[in-house]
Amino acid sequence: MENTDETYTLRYQQNTKIAMVLILVPVIGVLLILLPLGLITIDLPDWLVFGLIMIGIISVVAFTIYLVMKKTIVDCCVRLTKDGFEYELTESSFLYRRKKFFSSWENISNISDNLDTKNDLTFYQVSFISPDFTASFNYKPGYENDVLTFWNHLLYYKNEFNLQHKNNKQIGNKGFYDTRAAWILTQVTYLALLGILYIKLVYPDMLNWWRAIGFMAFALVWLGNYHTNRKRKKQA
């Protein structure tokens with residue numbers, strides 16, 4: 001990419017790739033741990049079996065964290081011009097075959113920002129029509145100013161495109177927390193919290209406290225993200 005005033009150094013990820021790693025790697029890892037133990041015909045001491053299982057689980061967790069931090073989130077350069085949106089990955093990752101991608105503004109369906117309150121990070125998302133995928137961008141340490149300039153220029157080009165295509169397809173601004181699925185998940189979360197509270201009050205021995213607290217911690221993170229993002233959208 002040319003070094004222009006509209007080239008930004010950012011961090012790139014696809015949430016679908018992260019979800020795939022978080023689901024598939026632990027499942028495959030556990031199978032690789034348990035299957036060999038099940039095929040062993042000799043009796044092993046319980047302490048040895050326990051030790052092998054713990055070593056395997058720790059290895060799977062460590063490998064999953066490595067993939068998420070080093071292979072699903074990579075450095076990239078983004079360039080914005082009147083012709084379109086272009087990014088180029090500057091770190092290699094087997095999860096992303098497409099190292100460089102250009103899209104005209106006509107090929108972009110949605111541009112939004114979502115706040116992760118737990119990590120105090122804002123993710124800037126661009127959804128493309130063909131191929132159909134969503135790219136997420138956030139700041140790279142040492143280049144914090146780039147992400148703010150990038151977002152301002154991205155909004156500028158989006159607004160210019162929408163002004164020029166008033167009677168045609170518009171680039172949307174619906175974030176993840178604006179979707180119907182997010183609203184449904186929020187209502188289910190509230191109902192689950194009420195259900196847990198009812199069970200602990202009426203049948204206190206039915207549910208362990210650590211399970212209830214674990215779910216409540218997850219629920220509060222989700223609800224915090226949902227309502228914070230919805231509030232920001234209303235104020236925008």
Side-chain angles (χ1 to χ4, degrees), residues 10-30 54 57-74 95 110-127 133-141 144 147-148 150-151 154-155 172-236:
L10 305 170
R11 297 281 277 167
Y12 170 91
Q13 68 186 58
Q14 289 184 29
N15 294 339
T16 53
K17 300 290 186 180
I18 294 178
M20 179 185 71
V21 168
L22 291 175
I23 294 172
L24 292 181
V25 172
V27 170
I28 294 173
V30 169
M54 290 305 298
I57 291 174
I58 292 172
S59 299
V60 170
V61 171
F63 185 58
T64 302
I65 294 174
Y66 166 77
L67 287 180
V68 170
M69 300 305 297
K70 298 296 184 181
K71 294 303 178 181
T72 61
I73 306 175
V74 295
L95 291 170
N110 195 77
I111 292 173
S112 64
D113 61 329
N114 291 298
L115 176 65
D116 179 358
T117 57
K118 181 180 179 182
N119 299 303
D120 194 26
L121 278 177
T122 300
F123 294 89
Y124 304 95
Q125 298 183 319
V126 182
S127 298
F133 73 100
T134 297
S136 296
F137 302 89
N138 57 35
Y139 78 92
K140 178 183 177 181
E144 285 81 359
V147 75
L148 297 177
F150 157 76
W151 178 241
L154 185 61
L155 290 181
N173 65 342
K174 178 180 286 188
F176 171 73
Y177 295 96
D178 302 321
T179 62
R180 182 72 174 175
W183 182 86
I184 292 174
L185 181 56
T186 300
Q187 310 313 310
V188 171
T189 302
Y190 275 121
L191 289 174
L193 284 174
L194 291 174
I196 288 175
L197 180 61
Y198 174 80
I199 291 172
K200 290 305 297 180
L201 291 175
V202 180
Y203 307 103
D205 297 330
M206 183 179 293
L207 183 65
N208 293 331
W209 272 112
W210 66 270
R211 293 182 185 275
I213 292 173
F215 176 79
M216 290 173 64
F218 164 79
L220 290 176
V221 170
W222 167 260
L223 294 174
N225 281 335
Y226 180 82
H227 290 295
T228 299
N229 280 279
R230 294 297 298 144
K231 183 178 180 180
R232 289 176 66 203
K233 194 65 174 287
K234 291 179 180 179
Q235 292 175 345

The criterion is side chain to side chain contact (heavy atoms under 4.5 Å, CB included); which residues satisfy it with Val61, sequence neighbours excluded?
Ile57, Ile65
Which atom names give the shortest non-hydrogen contact between Val60 and Val25, and what distance separates them?
CG1-O, 4.1 Å
So which atom in Gln125 and which in Asn15 form the shortest heavy-atom distance, rounded to 0.1 Å?
NE2-ND2, 3.2 Å
If I take atom CD1 from residue Ile73 and atom CG from residue Leu95, how far apart are they, to the nearest 0.5 angstrom?
11.5 Å
Any non-hydrogen side-chain atom of Gln13 less than 4.5 Å from a side-chain atom of Thr72?
no
So does Met20 have more than 12 non-hydrogen atoms from other groups sitting under 6.0 Å from CE?
yes
Quick one: OG1 on Thr64 to CD1 on Ile28, what's the gap to the nearest 0.5 Å?
10.0 Å
Let's go through Ile111 and Trp151 carefully: what are the C-alpha distance in whole Å and the side-chain angles of both, what is the deciding distance for side-chain contact (heavy atoms from CB on, under 4.5 Å) to 0.1 Å, and is it a yes or a no?
CA-CA 10 Å; Ile111 292 173; Trp151 178 241; 3.7 Å; yes
Work out which heavy atom in Pro26 is nearest to a heavy atom in Ile23; give both atom names and the distance.
CD-O, 3.6 Å
Angle between ring planes, Tyr190 versus His227, binned at 30° and 60°: parallel, tilted or perpendicular?
tilted
Nearest heavy-atom approach of Arg11 to Lys140 is CG-CA, 3.7 Å
List the steps, then state whether side-chain contact (heavy atoms from CB on, under 4.5 Å) holds for Val126 with Phe137.
CA-CA 8 Å; Val126 182; Phe137 302 89; 4.2 Å; yes
Can you find a heavy atom in the side chain of Phe63 that is under 4.5 Å from one in the side chain of Val21?
no
Nearest-0.5 Å distance that lies between atom CD1 in Ile18 and atom CE in Met69:
9.0 Å
Under the rule for salt bridge (charged side-chain N to carboxylate O under 4.0 Å, His left out), what residues qualify as partners of Lys71, not counting sequence neighbours?
none
With side chains defined as the heavy atoms from C-beta onward, is the minimum distance between Tyr124 and Val147 less than 4.5 Å?
yes
Within this structure, what is the CD1-OG1 distance for the pair Ile184 and Thr189, rounded to the nearest 0.5 Å?
11.5 Å
Got Leu193 and Leu197 here, is their nearest side-chain heavy-atom distance under 4.5 Å?
no
Check against side-chain contact (heavy atoms from CB on, under 4.5 Å), Thr186 and Leu223:
CA-CA 7 Å; Thr186 300; Leu223 294 174; 3.7 Å; yes
Can you tell me if Asn173 uses its side chain to pair, donor with acceptor, with the backbone of Ser112 under 3.5 Å?
no
Nearest 0.5 Å, please: how far is OG1 in Thr122 from CG in Asn114?
9.0 Å
